[in-house]
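Worksheet for the structure shown next.
Throughout, residue positions are numbered sequentially from 1 according to the sequence presented. Both ligands and their constituent atoms are indexed starting at 1 by order of listing.
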Amino acid sequence: MQQIFLLTLVTLFLKVSMAQSSSGNQAPAIEIVGNKFFYSNNGSQFYIQGIAYQADTANLTGGQTINDPLADFETCSRDVPYLRELNTNTLRVYAVNTSLDHSRCMDLLQRNGIYVIADLSEPGLSINRDDPEWTLKLYERYTSVVDVLAGYSNVLGFFAGNEVTNNASNTDASPFVKAALRDTKAYIKEKGYRKIPVGYSSNDDEQTRIAIANYFACGDEDEKADFFGINMYEWCGTSSFRTSGYSDRTQEFSNLSIPLFFSEYGCNEIRPRRFTEVRTLYGSDMTDVWSGGIVYMYFEEANEYGLVEVDGDSVITNDDFDNLKSMMASISPTIRNSASYTPTSTSLSCPATNQYWSAATGLPPKPNNAICDCIQSSFACVVNSNVDKADFAPLFDYLCANIDCSGIAANGTTGEYGDLSFCESEVKLSYLLNEYYKQNGRSSSACDFSNSASLASATSTPSSCSGVLASATSESRRGGSASGSSSSRAAGVNLAPSSSPIVTLFTTVIAFLITGLNMLLL
Ligand SMILES: *[C@@H]1O[C@H](CO)[C@@H](O)[C@H](O)[C@H]1NC(C)=O
Ligand SMILES: *[C@@H]1O[C@H](CO)[C@@H](O)[C@H](O)[C@H]1NC(C)=O
Ligand SMILES: *[C@@H]1O[C@H](CO)[C@@H](O)[C@H](O)[C@H]1NC(C)=O
Ligand SMILES: *[C@@H]1O[C@H](CO)[C@@H](O)[C@H](O)[C@H]1NC(C)=O
Ligand SMILES: *[C@@H]1O[C@H](CO)[C@@H](O)[C@H](O)[C@H]1NC(C)=O
Ligand SMILES: *[C@@H]1O[C@H](CO)[C@@H](O)[C@H](O)[C@H]1NC(C)=O
């Protein structure tokens, strides 16, 4: 009886696994060799035939700010037949809601051989080019997206940023994006997930486009981008490889050592769009250097880039759709095999700084929650919890005009990053208030700021903090030497010299702990 039951179980197991393998995974993981993508199952080259797929947030209700296209089975199942008509094998989604379930859409896409490339940020949590930071909150956002998508073989990759640096005036934002990329790659490794590639999506700015590609593609394996996308709108109406600018771009990026593709394309200055660029993009002029592209976009909206109009269950295709469909049906790009492919370019040096490019190669440190918590619990003077974040600015301005703010500052031009630069603004502000208080004789009037600050009731630094702060010091020093930066000062610079206020603070905390311990022992 038991044996029969066991046999049944074994048979059932075999049937299930055979069913799975005979139905097959239509979207086996994609791997990168040199500057190309390949199917991992058979080594066949993979070109992105993509569509940007995310409706705007206009009709959302209930305080939602993300319209997650992978969380609504009604709509993704409605749209897959149309995506297939266009020979789509990749969707770009710009923001996912990590609270929602993506399994039904992801499985449906997988069965249809469609991959997803997802931005890690969302509008409310992204690196701001005008005030760049790589913070705990952002790290948590990025890694939570990785967590919800890592299990699907049809995740092609992640974008650590989209058009963050967009011209010569804000190239100092790029080190923060590269730090995000580095830490996301490390997280994927740490969690034992599949080696999902992480890259960047750039705009097409004349003065910065070459430098930014080289910047993301250069450096150590654990901090460089795995692929590079450029949002490309140079081919409008009927154009050609030479007149469109595609020829020049192909020449300029010919040495890029990682896969390169259009992370958006499809100029709409002349409609209907004829999509004649498709033949060129997947033709012999470009396929040595490029790996395809992503048409912007599926949904027809106010900006008039759509291929279809949707209304409930109904999908109405337009002329752009028909034109793209016939163009996609006509391509036959050269398919290499990874087994017989030898990359021509494997490494690249980082771009020189000049009038248009001034991003340090030294990157901001990895956000570390424990450091912020530990240091915060040691402050004698802190910001009051009822002070609105919008009112922090004048306090920061005043404090930084009076005391050294390097511990909280982060400068992507010089590559100098304070050891608390990744903490939330409350922690940073309390750090400064506490410094100010100490430097002004610890008088209670030095911890007031019109009722914005007050003395902390009792400092109770957890005993785990001594280890955290000590390892932070050594980690930061290691980061400094490993950054490979020659022109810029590296991460952790404020921990090294003994004059640093934070080192003093760390020492104070450690001394406090030791004293506390001695008192207990007595
Ligand atoms: C390799 O596998 C992929 C995914 O199953 C498939 O789409 C492709 O046609 C295969 N390539 C070849 C040359 O068999
Ligand atoms: C929002 O709803 C209006 C009215 O139903 C509709 O016309 C419009 O297309 C919708 N917009 C989006 C982006 O779905
Ligand atoms: C994500 O989805 C949850 C559940 O529907 C919702 O409460 C939340 O507002 C959504 N988040 C965003 C940022 O839209
Ligand atoms: C650079 O981009 C910023 C942000 O989009 C914009 O405000 C600024 O005008 C641009 N500068 C130049 C020189 O294009
Ligand atoms: C590509 O590399 C070759 C060999 O190092 C070099 O001669 C050429 O100038 C490079 N091209 C570009 C566009 O950087
Ligand atoms: C970074 O440092 C440079 C050189 O000291 C300075 O000109 C620039 O304003 C600083 N940037 C920020 C964001 O503080």
Side-chain angles (χ1 to χ4, degrees), residues 21-31 37-49 54-72 84 87-90 93-102 109-115 119-134 137 140-141 144-145 148 153-154 156 165 169-176 332-341 353 355 358-360 362 364 396-397 400-401 404-418 421 487-489 493:
S21 68
S22 66
S23 75
N25 183 349
Q26 297 306 305
I30 300 296
E31 292 173 346
F37 294 111
F38 296 94
Y39 285 106
S40 58
N41 57 321
N42 57 16
S44 196
Q45 190 180 354
F46 175 87
Y47 288 93
I48 294 177
Q49 297 174 200
Q54 190 146 21
D56 75 15
T57 52
N59 291 349
L60 288 184
T61 52
Q64 296 196 42
T65 56
I66 299 173
N67 200 350
D68 187 334
L70 303 178
D72 183 352
R84 287 199 60 152
N87 285 352
T88 305
N89 66 13
T90 305
V93 300
Y94 292 84
V96 301
N97 182 336
T98 55
S99 322
L100 303 176
D101 176 24
H102 302 95
L109 294 173
Q110 189 197 70
R111 287 199 299 280
N112 286 278
I114 299 175
Y115 293 81
D119 284 76
L120 294 167
S121 61
E122 53 113 324
L125 282 169
S126 59
I127 297 169
N128 176 353
R129 67 169 75 92
D130 297 323
D131 183 18
E133 287 185 301
W134 175 229
K137 276 211 176 94
E140 282 160 9
R141 161 70 195 175
S144 69
V145 176
V148 300
S153 70
N154 57 329
L156 175 60
T165 286
S169 77
N170 48 40
T171 64
D172 64 323
S174 282
F176 297 85
S332 56
T334 305
I335 306 286
R336 297 162 185 82
N337 195 283
S338 58
S340 55
Y341 162 69
T353 55
Q355 59 178 318
S358 56
F396 275 117
D397 289 347
C400 290
D404 178 10
C405 275
S406 60
I408 62 155
N411 189 317
T413 303
T414 60
E416 292 172 301
Y417 310 101
S421 64
S487 60
S488 60
R489 286 209 250 159
V493 69

Quiz item: Which heavy atom of the protein is the closest neighbour of atom 9 (O) of ligand 3, given with residue, atom name and distance?
Solution: Gln64 CG, 3.8 Å

Quiz item: Should Trp134 and Tyr417 count as side-chain neighbours, where that means a heavy-atom distance under 4.5 Å?
Solution: no

Quiz item: Ile66 heavy atoms, cut-off 4.0 Å: which ligand 3 atoms fall inside?
Solution: 13 (C), 14 (O)

Practice problem: Report, in ascending order of atom number, the atoms of ligand 1 lying under 4.0 Å from any heavy atom of Ser44. | Solution: 1 (C), 11 (N), 12 (C), 13 (C)

Quiz item: Does any donor atom in the side chain of Ser358 or Thr171 lie under 3.5 Å from an acceptor atom in the other side chain?
Solution: yes

Quiz item: Can you tell me which residue and heavy atom of the protein come closest to atom 13 (C) of ligand 3, and the distance to 0.1 Å?
Solution: Thr65 OG1, 3.2 Å

Quiz item: Please state which protein non-hydrogen atom is closest to atom 5 (O) of ligand 6 and give its distance, to 0.1 Å?
Solution: Thr414 CG2, 4.1 Å

Quiz prompt | From Asp68, Asp72, Asn97, residue fulfilling side-chain hydrogen bond (donor to acceptor under 3.5 Å, both in side chains) relative to His102 | solution = Asp68

Quiz item: In terms of ring plane angle, is the pair Phe46 and Tyr115 parallel, tilted or perpendicular, where the classes change at 30° and 60°?
Solution: perpendicular

Quiz item: Which residue supplies the protein heavy atom nearest to atom 11 (N) of ligand 6, what is that atom called, and how far is it?
Solution: Asn411 ND2, 2.9 Å

Practice problem: Name the closest protein heavy atom to atom 1 (C) of ligand 3, giving the residue it belongs to and the distance to 0.1 Å. | Solution: Asn97 ND2, 1.5 Å

Quiz prompt | Protein non-hydrogen atom found under 4.0 Å from atom 7 (O) of ligand 3 | solution = no

Quiz item: Under 3.5 Å, is there a donor-acceptor pair between the Asp119 and Ser121 side chains?
Solution: no

Quiz item: Is a side-chain donor or acceptor of Thr165 paired with a backbone partner of Asn170 at a separation under 3.5 angstrom?
Solution: yes

Quiz item: What protein heavy atom sits nearest atom 4 (C) of ligand 3, and how far away is it?
Solution: Leu100 CD2, 3.7 Å

Quiz item: Going by distance alone, is a donor N or O of one side chain under 3.5 Å from an acceptor N or O of the other, for Glu416 and Ser406?
Solution: no

Quiz prompt | Protein heavy-atom partner closest to atom 12 (C) of ligand 1 - residue, atom, separation in Å | solution = Asn42 ND2, 3.4 Å

Quiz item: Going by heavy atoms in the side chains, are Ile66 and Leu100 under 4.5 Å from each other?
Solution: no

Exercise. Using distance alone, decide if ligand 1 has a nitrogen or oxygen within less than 3.5 Å of any nitrogen or oxygen in Asn41.
Key: yes

Quiz prompt | Under-4.0 Å heavy-atom contact with ligand 1, by part of Ala27 that carries it | solution = neither

Exercise. Heavy-atom contacts with Tyr39 under 4.0 Å: which atoms of ligand 1 show up? List them by number with element.
Key: 3 (C), 4 (C), 7 (O)

Self-check item: Side chain Asn89, main chain Tyr47, donor-acceptor under 3.5 Å
Solution: yes

Quiz item: Does Asn25 reach ligand 1 with a nitrogen or oxygen that is under 3.5 Å from one of the ligand's nitrogen or oxygen atoms?
Solution: no

Self-check item: Side-chain touch Leu109/Leu70, heavy atoms, less than 4.5 angstrom
Solution: yes

Quiz item: Hey, is Ile335 touching ligand 1 through its side chain, its backbone, both or neither, going by heavy atoms under 4.0 Å?
Solution: neither

Practice problem: Indicate, as side chain, backbone, both or neither, the part of Asp68 found under 4.0 angstrom from ligand 3 when only non-hydrogen atoms are considered. | Solution: neither

